[in-house]
Trainee: 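A single structure is presented below for examination.
Counting starts at 1 for both ligands and their atoms, in listed order.
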Amino acid sequence: MTLPQLQELCAGLGFPRFTAKQLCDWLYKKRAESIDNMTNLSLAQRARLNEIAFIGRNTPVRCQVSRDGTKKYLFQTTQNTQSHIETVYIPDDDRATLCVSCQVGCKMGCRFCVTGRQGFHGNLSAGDILNQLFSIPEFESLTNVVFMGMGEPMDNLDTILDATTVLTAPWGLGWSPKRITVSTVGIIPGLKRFLDESQCHVAVSLHNAVAAEREQIMPVQRAYPLADVLALLRRYDWSGQRRLSFEYTMFRGLNDDQRHAQLLVDALRGLDCRVNLIRFHESPEAPFSTSMPSTIQSFQNYLNRHGVICTLRASRGQDIDAACGLLAGRGE
Ligand code: SF4
């Protein structure tokens, strides 16, 4: 809960207004795991809170460790213990990034994504999102959080805004919004609101600049064409601290030749942004293959030569199905 939500809760219970601030301190600064530990609240207040609330800490039910140090955690959600979600911890030299999920499954149906093929089974609460950070042993070492796990953030936007507010507010964790990146396939109403109401970085899943071809792998293109998404993004200033990036997964023979590189450069002309190329991680369930390393290199070189900053995202956690597009949340 955010501070205003806790103030509302306290008002409803007849508690003094400052109790909400005390609750924030316990939840987000001291990260109390039990209401009984909140020792500057009266015994009566703690008893009342215990009747109607719970902290929602929920330790992972499984952890798989990759050869490269990446860890994939499996959590049960608090609302439905049959539902599972996955969270990926990615340590690097001087960084430690956590990739969190925001939904159980996903409605977007991207053809290359294991999560998308599961269908949609529910939204996570802000508590379930924050729990993915708070309940892993590496929490203190995290430098960045990316909302790139299971689900489409703009389809659960109120919750994403609550969770990112807790992470960035002075009464919460007080992180800089520069440590947080939220991804989207480009749901325009949600994206517009997010751009207006948040300062966190934005990553748009692009994957193909040719509308008819993008539609073949990303059904969202029919409702929210990429051209309209780019037109919206052009209305914002990207020259400051806030970063705009585009995710581009490389599929052999589908989106990886020079024509695609050229159309991508044309589409992004004048936008202050960067492109992250991602190797496609083949799975028996998806009828795509990954581009040849030399093709990826040529694509990257073409973009860089034509003024688009382009990096190749290192593949992490592939041996434990923790890489991009492979999260399934299978509890069995
Ligand atoms: Fe959903 Fe992202 Fe998978 Fe698309 S790639 S189906 S938006 S989880």
Trainee: How about Cys110: does one of its N, O or S atoms come closer than 2.8 Å to atom 4 (Fe) of ligand 1?
Mentor: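 Short answer: yes, at least one N, O or S atom is under the cut-off.
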Trainee: Tell me the protein heavy atom at minimum distance from atom 3 (Fe) of ligand 1, and give that distance in Å.
Mentor: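 Heavy-atom neighbour on the protein nearest atom 3 (Fe) of ligand 1: Cys113 SG, 2.3 Å.
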Trainee: Centroid-to-centroid, Tyr89 to Tyr73, below 6.0 Å?
Mentor: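 Ring centres of Tyr73 and Tyr89 not closer than 6.0 Å.
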Trainee: Quick one: closest heavy-atom pair of Gln45 and Pro16, and the distance?
Mentor: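 That would be NE2-CD, 3.7 Å.
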Trainee: Mark up the atoms of ligand 1 that fall under 4.0 Å of a heavy atom belonging to Met108, in ascending order.
Mentor: 1 (Fe), 7 (S)
Trainee: Let me check something: do Leu23 and Phe134 share a hydrophobic cluster, defined by ILVMFWY side-chain heavy atoms less than 4.5 Å apart, either directly or through other members?
Mentor: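 In one cluster: yes.
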Trainee: Atoms of ligand 1 less than 4.0 Å from Val185 heavy atoms?
Mentor: 7 (S)
Trainee: Relative to atom 8 (S) of ligand 1, which among Gly151, Gly116, Gly109 owns the nearest non-hydrogen atom?
Mentor: Gly151
Trainee: May I ask you to check whether Cys106 brings an N, O or S atom to under 2.8 Å from atom 1 (Fe) of ligand 1?
Mentor: yes
Trainee: Would you indicate whether the side-chain heavy atoms of Trp26 and Arg31 approach each other to under 4.5 Å?
Mentor: no
Trainee: Indicate, with yes or no, if Ile320 and Ile90 share a hydrophobic cluster defined by side-chain heavy-atom contacts under 4.5 Å among Ile, Leu, Val, Met, Phe, Trp and Tyr.
Mentor: no
